[in-house]
Amino acid sequence: MKRFDITYFGGPPAEYIVKEEVIEDMARAGITLCQIRCIDGVETIKTALKLMKKHGLKAIVAENRILELVEKAQFENVDKVVKEVVEDYKEMSDIIEGWEIFDEPDTGQYPILSSIVAAFKKYAPNQETVINLYPNYAPLEALKAKSYVEYVERFIKEVHPDFLSYDHYTFVGRKLNKEVVNNDRETKKELLIRVAAMRGAKRGEFFENIEDIRRLGLDNHIEQMLIILLTEHGDYRNLTKAEILWQVNMCLAYGMHRISYFTYWLPEPSDFWKWDNAMCNRKGEKYQHYYDVQRINQEIHSIGAILFAHKSEVVFHIGTGENAVRQFEGYGPITNISGEHGVIGFFEDGYIYLVNHDFIYERTFTITANQELARYENDEFISCGKKITITLSAGAGTLLKLQ
């Protein structure tokens, strides 16, 4: 990754991705990296890319020819097809940040993914490849692995990805669906995704997942990103602004290098998922979540850019009661933190990100250090002494720096 980016998974269809007002809305929302998934072919994608360039955006392109290589395991065609795809868009190489290869593979697909990644590194060495992994609440049958950690470790070892990407949707409670009913049009993979959604994601699973991805990324010198829940669907409920902000700020505290919202555009109708409350509806009209995300992106973009440039060192919890996390006991010059329901990430060069783990109520924390602290406000660091008391609204975060 070249910089901190804000993106989405699930964007406008072909007839809308080529409309300038749609691209303008993305830019105004604080999106910096656009996903283009289009079945209409090269010219439609190129039209969209030109509009994105005009508005200062970059793009990740999902090309049907690449998807077909994976789905049909066409090893013999990989080199030829990847070369053709890169050539077809060579005049757009300054806009294309990378290529989306596949979403939620199982381990059986790692060999073909490895071949495709290697081909892109050969023909487009300055562009990234994007492969998004399952979350840790997916059934092992879907992963085709003995454990989630093995699933990710094998991905790193066998595929040699540019970075780790995964999705995790943690806010359940909608409860529209009482049973999983298979149908003739549904693939086995789609069925397993629905099963996982109905299992739900417990709070502990969220932190176990982000802890594992962070650790494996750091151990293998690979950057990480998380696709977070935004759009109401299935058992996943409609979120408050604080719940969206909570997810974003947990990403920042854990050193995620990119944030992605699921979804920007309302997906096509589904009797099971019953999609609602994305950022935009199927005509591009804005839901409240558009304005929620716009404000959040304005708040965190400069912070994300600062943290992107500094390696995550350690993450502590402050009285959260979560499993698989480290409780704060002092770190470096920070001798004490009083308060409850906090998460604090430490980064290289003395950067610190404190988040309110409570997405309903504000919380107050007092940080004591044996070194001067400064707090980031209005795009600058303001000195605040060796002891600071901070009240954070629900899900909010604040950036500090040791002087």
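In this chain, residues are counted from 1 in sequence order. The shown structure was predicted, so the numbers you read here are calculated from the model rather than taken from an experiment.
- In this structure, a donor-acceptor pair under 3.5 Å is present between the side chains of Tyr148 and Asn209.
- At a threshold of 4.0 Å, the pair Arg258-Glu223 does not count as salt-bridged, since none of the basic side-chain nitrogens sits closer than that to a carboxylate oxygen.
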Met52 and Ile17: side-chain contact (heavy atoms from CB on, under 4.5 Å), yes or no, with the steps?
CA-CA 10 Å; Met52 290 170 187; Ile17 198 71; 3.8 Å; yes
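- In this pair, Phe346 and Phe316 present their aromatic rings perpendicular. The plane angle is above 60°, beyond the 30 to 60° band.
- Thr364 pairs by the side-chain hydrogen bond (donor to acceptor under 3.5 Å, both in side chains) definition with Thr391, not counting sequence neighbours.
- How far CZ of Arg375 is from OG of Ser383: 13.5 Å, rounded to the nearest 0.5 Å.
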Walk me through whether Asn132 and Asp167 qualify under side chain to side chain donor-acceptor pair (under 3.5 Å).
CA-CA 7 Å; Asn132 184 60; Asp167 52 76; 2.6 Å; yes
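- From Glu20, atom CD reaches atom NZ of Lys54 across 3.5 Å, with rounding to the nearest 0.5 Å.
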Verdict with supporting geometry, Glu232 and His289, side chain to side chain donor-acceptor pair (under 3.5 Å):
CA-CA 10 Å; Glu232 182 180 8; His289 281 341; over 6 Å; no
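- Each of Tyr236, Phe206, Phe262 was checked for a ring-ring contact (aromatic ring centres under 6.0 Å, His included) with His168, and the lone residue meeting it is Phe206.
- Using a 30° and 60° split on the angle between ring planes, Tyr169 and His233 fall in the perpendicular class, above 60°.
- When the side chain to side chain contact (heavy atoms under 4.5 Å, CB included) test is applied to Arg154, the partners found at least two apart in sequence or on another chain are Thr107, Tyr110, Glu150, Glu158.
- A salt bridge does not link Arg295 to Glu299: none of the charged side-chain nitrogens sits closer than 4.0 Å to a carboxylate oxygen.
- We find that Glu100 and Arg37 are joined by a salt bridge, their nearest charged nitrogen and carboxylate oxygen being less than 4.0 Å apart.
- In this structure, Ile382 CD1 and Ile388 CD1 are separated by 11.0 Å, a value rounded to the nearest 0.5 Å.
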Verdict with supporting geometry, Tyr261 and Asn297, side chain to side chain donor-acceptor pair (under 3.5 Å)
CA-CA 11 Å; Tyr261 296 98; Asn297 291 344; 2.7 Å; yes
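- Of all the heavy atoms in Ile131 and Ile101, the pair that sits closest is CG1-CB, 3.7 Å.
- Counted by atom type alone, Asn249 and Tyr353 present one or more donor-acceptor pairs between their side chains at under 3.5 Å.
- Ring orientation note: the planes of His257 and Phe308 are nearly perpendicular, at an angle over 60° on the 30°/60° scale.
- The pair Glu87-Lys90 meets the salt-bridge criterion, since a charged nitrogen lies less than 4.0 angstrom from a carboxylate oxygen.
- In this structure, CG in Asn356 is found 11.5 Å from CD in Glu340, a value given to the nearest 0.5 Å.
- Checking Tyr123 against Asp79 by side-chain atom types alone, a donor-acceptor pair falls below 3.5 Å.
- A salt bridge links Glu91 to Lys46: one of the charged nitrogens lies within less than 4.0 Å of a carboxylate oxygen.
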With a cut-off of 3.5 Å and sequence neighbours excluded, list every side-chain donor-acceptor pair involving residues 56-70.
| from | atom 1 | to | atom 2 | distance (Å) |
| --- | --- | --- | --- | --- |
| Lys58 | NZ | Asp94 | O | 2.5 |
| Glu63 | OE1 | Arg65 | N | 3.3 |
| Glu63 | OE1 | Arg65 | NE | 3.1 |
| Glu63 | OE2 | Arg65 | NH2 | 2.7 |
| Glu63 | OE2 | Tyr89 | OH | 2.8 |
| Asn64 | ND2 | Cys38 | O | 3.4 |
| Arg65 | NH1 | Asp88 | OD2 | 2.8 |
| Arg65 | NH2 | Asp88 | OD2 | 3.0 |
| Glu68 | OE2 | Lys72 | NZ | 3.3 |

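- Ring geometry for His310 versus Tyr351: interplanar angle of 30 to 60°, hence tilted.
- Ring geometry for His317 against Tyr254 counts as perpendicular: the plane angle is over 60°, on a 0 to 90° scale with 30° as the lower cut.
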